Amino acid sequence: MKDKEWDLEQLHFRDCRALIAENVAAYEKEAESRHRETQELFKAVQSGNEELYDQLMTSSSLEEHAFNQLRKNKAALEKPYFGRIDYKDIGLDKEEKVYIGKNGVFRDRTEVVIADWRAPISTVYYENELGMGSYTAPNGKIYEIDLALKRTFDTDRGVLNGYYDSDVASNDELLVQYLSKNKDAVLGDIIATIQKEQNEIIRANPFSNMIVQGVAGSGKTTVAMHRISYILYNYKERFEANEFCIIGSNDMLLNYITSALPELDVFHMKQKRMDEMFLHLLGRDLKAKIKRVQEGADCEWKSKYSFVKGLERFLQRMREECVPCEELRDKELGRVMSSTGIREMMESFPDYSLNRLLALLDERLKSRLKFLIDDADRDEYKKKLREKSIQYKNYYRERKITKNLITVYQEFLADYGRRTRTDTGQTKERLIKGEFDVYDFAALVLIKYRLTQKKEDEEFGQIFMDEAQDFGAAPYYVLRTVLPKCYFTIMGDVSQNINYESGMNDWEDLKKCMLTDKNDSFRLLSKSYRNTIEISEYAGEILEYASAGAYKIEPVIRHGIEVNEVKTGSEEPRVKKAAELIKEIKERGFLSIAVIVFEDSVKAVVKQLEKYTEITDGSETGFQTGTMVLPVNLTKGLEFDAVILWEPDMEKAKTSVKEAKLRYVAVTRALHELHILN
């Protein structure tokens with residue numbers, strides 16, 4: 001690199017850090033002042049001065065803003081920016097130079113010194129090659145540009161070490177440099193290395209539904225988190241964080257995902273397991289005492305798209321039986337409600353619940369009575385209207401559904417069993433005992449929505465699903481139906497479906513119920529950034545058995561040590577070998593290690609290993625740095641510097657697709673090292 005150019009970059013780097021240091025000092029004072037003010041107002045309100053409540057809310061909001069700005073500027077002091085683009089704005093005929101960082105930095109809170117990675121202009125850094133190009137603002141306006149320079153900086157702890165000029169800023173050299181670090185370091189640098197195909201998903205139209213099939217290590221979870229941050233940054237006037245919800249299959253995965261969101265400027269976001277989401281939507285309508293149970297053999301048919309469509313047909317028949325479409329005639333007034341008018345109302349409000357539709361028909365009936373009664377004499381009109389109102393009071397609402405949701409569900413199961421010759425006995429027996437699985441909850445939510453719901457649920461604006469393949473299409477159909485104004489981003493990999501019988505092994509049914517609008521899309525992430533070449537190649541062999549090669553891995557060229565397969569003989573040598581490996585891995589500077597268990601009890605393995613090394617039961621503690629023992633099903637969506645597979649019996653992958661998927665999941669959790677103890 002040229003000395004002059006290097007000197008100029010060093011000077012600019014120092015100037016930016018000096019400005020950020022000034023911002024830190026200013027925000028420290030403001031945050032302290034706002035905190036004192038909020039505390040004083042809080043004490044006053046607690047003492048009974050309720051008139052100050054609105055001031056307290058305003059002060060609290062300003063305090064939170066000041067602390068957030070302080071946090072972001074402190075982070076920027078370590079790494080002010082990671083990229084730079086020089087371009088000509090064709091429309092303005094003006095040369096521009098923009099530095100891009102994890103957080104936007106302002107001078108005097110107005111002049112942008114460092115652009116936020118989420119800003120529209122930043123997409124040029126991630127996607128455009130040198131020369132003519134364009135970028136699009138959230139309002140749809142397109143800006144034509146001529147890109148002259150794309151530069152990526154190597155910074156660490158407030159020091160500029162160098163830079164790379166490239167027509168693809170996140171080039172393999174820089175990417176491999178980041179990926180070679182331990183897991184904690186990688187998380188800090190990921191924004192600088194977002195790839196074009198990932199960026200397109202992050203910045204895709206938020207007013208659409210999207211399914212993303214991504215191979216293990218393709219960054220699905222990272223992309224989802226950054227998409228949340230991007231939408232909240234660019235569409236503040238339309239969405240708030242409390243309208244967003246991340247749904248996952250287990251608490252460990254959810255906590256792992258959401259722990260990183262504050263770093264992306266995302267706060268107050270909801271997170272729920274799939275079963276918790278349906279219980280939330282049921283609210284007080286499920287009054288029976290219930291016990292949530294794990295999936296059983298009956299989930300194989302309850303998870304399917306055909307099951308939930310069967311439920312829809314059953315509920316439609318109930319709707320048609322309860323709404324009388326025949327003409328309503330009155331001896332004095334003649335035809336009050338026509339059969340055509342009733343049918344048109346049913347067709348005009350297809351998403352109204354049955355009870356809500358009946359209430360609407362009563363309102364229409366009331367209006368028709370007012371219209372048909374002769375009002376020549378005011379007193380006579382009022383008398384006749386009162387008489388007719390009493391005569392036809394709740395005429396349609398008397399037909400409303402009064403059965404509880406569980407009773408209706410039991411009736412459907414009996415009907416479904418007869419029509420499809422499916423043995424629904426196991427589910428019916430469990431319902432009697434108050435035992436429900438996630439698919440039962442989903443069915444109850446759909447029944448509530450079609451029969452008794454009083455108004456639309458507008459709590460959620462954006463829902464993000466990670467590890468979506470763990471469930472069949474049925475619950476997604478229900479969510480899409482009962483939350484019609486919500487948009488869904490669904491991330492998964494059918495090759496990692498560990499619930500082989502009830503989860504998704506392809507995306508076809510989900511496409512039918514989710515991708516119904518022209519803006520909806522199905523996207524692929526094929527590159528794996530997680531594993532070394534050695535681990536990816538080993539995983540690729542298992543993938544052939546897991547998905548018949550449907551979605552192949554394209555690994556980023558990053559070499560590491562060979563996959564280490566060890567035959568240890570009896571139990572005690574295996575335990576000692578595992579402890580020895582853990583010690584060696586730690587000495588190499590890696591911080592997160594997982595011992596993944598297939599058949600054995602996690603507690604039993606922990607008890608054996610804790611005699612020789614410090615270790616925790618990950619199924620109890622949740623994800624944390626250090627060495628954990630975990631069952632394979634809880635490792636979904638997680639990643640570790642090194643992984644040790646405990647007696648995985650890899651030969652099973654060759655004889656069973658289900659077993660192949662489990663081993664594929666386990667193998668692909670490793671960033672740098674994979675050890676297999678048989």
Side-chain angles (χ1 to χ4, degrees), residues 182-183 216 250 252 256 294 496 498 530-532 534-539 541-542 545-546 560-656 658-678:
N182 69 47
K183 184 182 177 309
N250 62 72
M252 179 177 285
Y256 176 77
Q294 297 299 316
Q496 297 184 63
I498 60 173
R530 177 185 296 149
N531 317 121
T532 62
E534 291 75 13
I535 296 170
S536 287
E537 289 178 349
Y538 190 89
E541 294 177 12
I542 303 171
Y545 298 104
I561 66 171
E562 292 292 333
V563 174
N564 178 29
E565 295 189 78
V566 182
K567 292 184 179 179
T568 59
S570 61
E571 185 177 283
E572 190 60 23
R574 183 170 62 253
V575 173
K576 289 182 178 178
K577 182 61 180 178
E580 180 187 318
L581 284 170
I582 291 166
K583 181 174 180 289
E584 291 172 358
I585 292 166
K586 287 179 178 178
E587 288 173 352
R588 287 192 281 272
F590 294 125
L591 304 176
S592 62
I593 306 167
V595 178
I596 299 178
V597 174
F598 290 79
E599 304 295 340
D600 294 70
S601 160
V602 168
K603 286 182 169 50
V605 176
V606 169
K607 189 174 181 180
Q608 289 172 308
L609 283 172
E610 64 186 0
K611 291 183 272 184
Y612 301 98
T613 185
E614 187 176 337
I615 200 154
T616 58
D617 182 343
S619 61
E620 292 184 350
T621 63
F623 183 86
Q624 57 184 256
T625 300
T627 308
M628 296 189 296
V629 180
L630 283 164
V632 63
N633 63 300
L634 285 187
T635 65
K636 293 285 297 301
L638 309 182
E639 58 184 30
F640 307 87
D641 290 326
V643 165
I644 299 171
L645 303 190
W646 188 272
E647 284 198 290
D649 191 357
M650 303 305 286
E651 289 299 311
K652 283 187 176 181
K654 299 176 183 178
T655 58
S656 162
K658 179 180 180 179
E659 297 294 337
K661 289 177 186 285
L662 286 170
R663 280 145 188 81
Y664 176 69
V665 167
V667 164
T668 53
R669 299 309 95 199
L671 281 163
H672 306 290
E673 296 187 20
L674 175 63
H675 304 272
I676 300 171
L677 298 184
N678 274 316

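Here the structure is a predicted model, which means the values were calculated and not measured.
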Undergrad: Keeping Thr616 on the side-chain end and Val629 on the backbone end, is there a donor-acceptor pair under 3.5 Å?
TA: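 Judged by distance alone, no pair lies under 3.5 Å.
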Undergrad: One thing to verify: whether Glu580 and Lys583 come together as a salt bridge, which I'm taking to mean a side-chain N less than 4.0 angstrom from a carboxylate O.
TA: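 Looking at Lys583 and Glu580, the cut-off is not met.
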Undergrad: My understanding is that only residues two or more places apart in sequence, or in another chain, count here; which of them pass side chain to side chain donor-acceptor pair (under 3.5 Å) with Lys576?
TA: none
Undergrad: Please answer whether the main-chain N or O of Glu610 pairs with a side-chain N or O of Thr613 as donor and acceptor at a distance below 3.5 Å.
TA: no
Undergrad: Considering the options Ile596, Asp617, Val595, which one meets the side-chain contact (heavy atoms from CB on, under 4.5 Å) requirement together with Val602?
TA: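 Per the side-chain contact (heavy atoms from CB on, under 4.5 Å) rule, the option paired with Val602 is Asp617, out of Ile596, Asp617, Val595.
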Undergrad: Who are the side chain to side chain donor-acceptor pair (under 3.5 Å) partners of Asp649, not counting sequence neighbours?
TA: none
Undergrad: Run the side-chain contact (heavy atoms from CB on, under 4.5 Å) test on Ile498 and Val632 for me, step by step, so that the C-alpha distance in whole Å, both residues' side-chain angles and the decisive distance to 0.1 Å come before the verdict.
TA: CA-CA 9 Å; Ile498 60 173; Val632 63; 5.7 Å; no
Undergrad: Atom CD of residue position Glu614 - does it have more than 12 heavy atoms of other residues, nucleotides or ligands inside 6.0 Å?
TA: no
Undergrad: Can you check side-chain contact (heavy atoms from CB on, under 4.5 Å) on Tyr256 and Glu639, steps first, answer last?
TA: CA-CA 10 Å; Tyr256 176 77; Glu639 58 184 30; 3.3 Å; yes
Undergrad: Drop me the distance from Tyr612's OH to Glu572's CD, to the nearest 0.5 angstrom.
TA: 3.5 Å
Undergrad: Nearest 0.5 Å, please: how far is CZ in Phe590 from CG in Leu671?
TA: 8.5 Å
Undergrad: Please name the residue in the list Lys652, Glu651, Met650 that meets the side-chain contact (heavy atoms from CB on, under 4.5 Å) test with Glu659.
TA: Lys652
Undergrad: Going through the distances and angles, do Asn564 and Glu673 end up as a side-chain contact (heavy atoms from CB on, under 4.5 Å)?
TA: CA-CA 8 Å; Asn564 178 29; Glu673 296 187 20; over 6 Å; no
Undergrad: Given Lys586, which of Asp641, Ile593, Leu581 fulfils the side-chain contact (heavy atoms from CB on, under 4.5 Å) condition?
TA: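 When Asp641, Ile593, Leu581 are each tested with Lys586, the side-chain contact (heavy atoms from CB on, under 4.5 Å) holds only for Ile593.
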Undergrad: Counting only N and O atoms by type, is there a donor-acceptor contact under 3.5 Å from the side chain of Arg530 to the main-chain atoms of Thr668?
TA: yes
Undergrad: Quick check: do His675 and Val566 have side-chain heavy atoms less than 4.5 Å from each other?
TA: no
Undergrad: Can you tell me if Lys658 has over 12 outside heavy atoms packed within less than 6.0 Å of its NZ?
TA: no
